[in-house]
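See below for the structure under consideration.
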Amino acid sequence: MKLNRISTVVIIGVVLIAIGVIVGLTANWMPVQASAEAASVDSLFNAMLAIATVVFLIVEGGIIYSIVRFRRKAGDDSDGPPDHGNTALEVTWTAIPAVVVFLLTIYSYKVFSDIQAPQDNETVIGVTGQQFQWTFTYPYEPFADLTPEQNKAAKTSMVSNELHVPSGRPVRVEITSVDVIHGFYVPEFRVKQDAIPGRTTTARFTPTEKGIYTVVCSELCGAGHAQMRNPVLVEDPAEYDAFIANLRSKARLAATDPRRPERGKQLIVQKYPCGSCHTLDDAGLKGIVGPPVNGIATKAQNNVDNRLSRSGVKTAEEYLRLSIVNPSAYLVPGYQDLMPKNFGDPSVMPEDDREAIVNYLLTQK
Ligand code: CUA
């Protein structure tokens, strides 16, 4: 009788473990493995799944068996027999899970330390979380022929809202946040790491599968949390290098083309006192002494068309330049001749500054 019961338990145990192993080996619940690290994470997950399957079947099977086997007989209103527990059973069902959890801890730690181990020649990409999007900062090598200021300016342009990574090259991301806690999560890479304000966390992966994936945010960070998704592009190393070269030449242009309109806007806000007299909504200027400059490109064109043709000024650009270097040449009706007369002096306003301001004002239609 006793032997019979033991062999029944052994048979049930073998069957349950067999089911667990089959589930663990055949389950395919994860997205595509797009990084070198994905396989070992999936093996760990499937090992846990196999064990969880056995535990699930024992617990749920035990409940169902007990419901059926110990069901109250019709007409039996007596109390059940008193039960003060079974020490051997309790020790067993505590000891076995403790050993299982301990082994899983060792296994998990091994997988985590393997996939996060530093590698040679890592491509380092900065990741910044912000309500509600990700920004990626790419490595910058200073240009030998640029000044330190130009290199500093160029470096700030090495950013993108797309995460480009080279297939087959180890990548290290250095993650931070400018506001609240976000979570950098690329399911296809099996990489997830919190972005914490005031701290830099790291994660490593080696992309292997070309394609377009999504970096999502895995920490509830506010109303736009669900929209915090940016594309991840796994490219051939050559494509990635071309992307970096393109970013680099744009960064160089931004730093070395001092007449670009964005710089002009910066100048009239930060360097020259235009805002003490003029209003320009686009730049946040609120002065009222001089004529407002909203829509100045269109106004300049109208002035050229209607009144100034005889003065030799033929384009809006020429009119704007003239208004800066010789403001008395034409006064907007209703305003006095109060604009400083020395902006034509390159020691007061260098030509690059003036042209950048003109180029910026030409965007104000
Ligand atoms: Cu950022 Cu959720």
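These numbers come from a predicted model, not from an experiment. Only this structure's heavy atoms are used, side chains among them; waters, hydrogens and symmetry mates stay out. Nothing fancy with the numbering, it's 1 onward along the sequence. Atoms within a ligand are numbered from 1 in the order they appear, just like the ligands themselves.
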Margin query: The test is salt bridge (Lys or Arg N to Asp or Glu O under 4.0 Å); show your working for D77 and R72 and say whether it passes.
Written below: CA-CA 8 Å; D77 289 332; R72 187 184 71 101; 3.3 Å; yes
Next item on the list: Measuring from atom 2 (Cu) of ligand 1, name the closest N, O or S atom belonging to E219.
Entry: O
Check: Hey, which N, O or S atom on H225 ends up closest to atom 2 (Cu) of ligand 1?
Finding: ND1
Check: Are I96 and L57 connected in the hydrophobic side-chain network, where two residues link if heavy atoms are under 4.5 Å apart?
Finding: no
Item checked: Degrees at atom 1 (Cu) of ligand 1 between the SG atom of C217 and the SD atom of M228, nearest 10° -> 110°
Note to self: Assess, by modelled atom type and distance only, whether the side chains of T315 and E317 contain a donor and an acceptor separated by less than 3.5 Å.
What the structure shows: no
Notebook entry, point to check: Can you tell me the N, O or S atom of H182 that's nearest atom 1 (Cu) of ligand 1?
Noted result: ND1
Check: Any cation-pi pair here, R169 with Y240, using under 6.0 Å and within 45°?
Finding: no
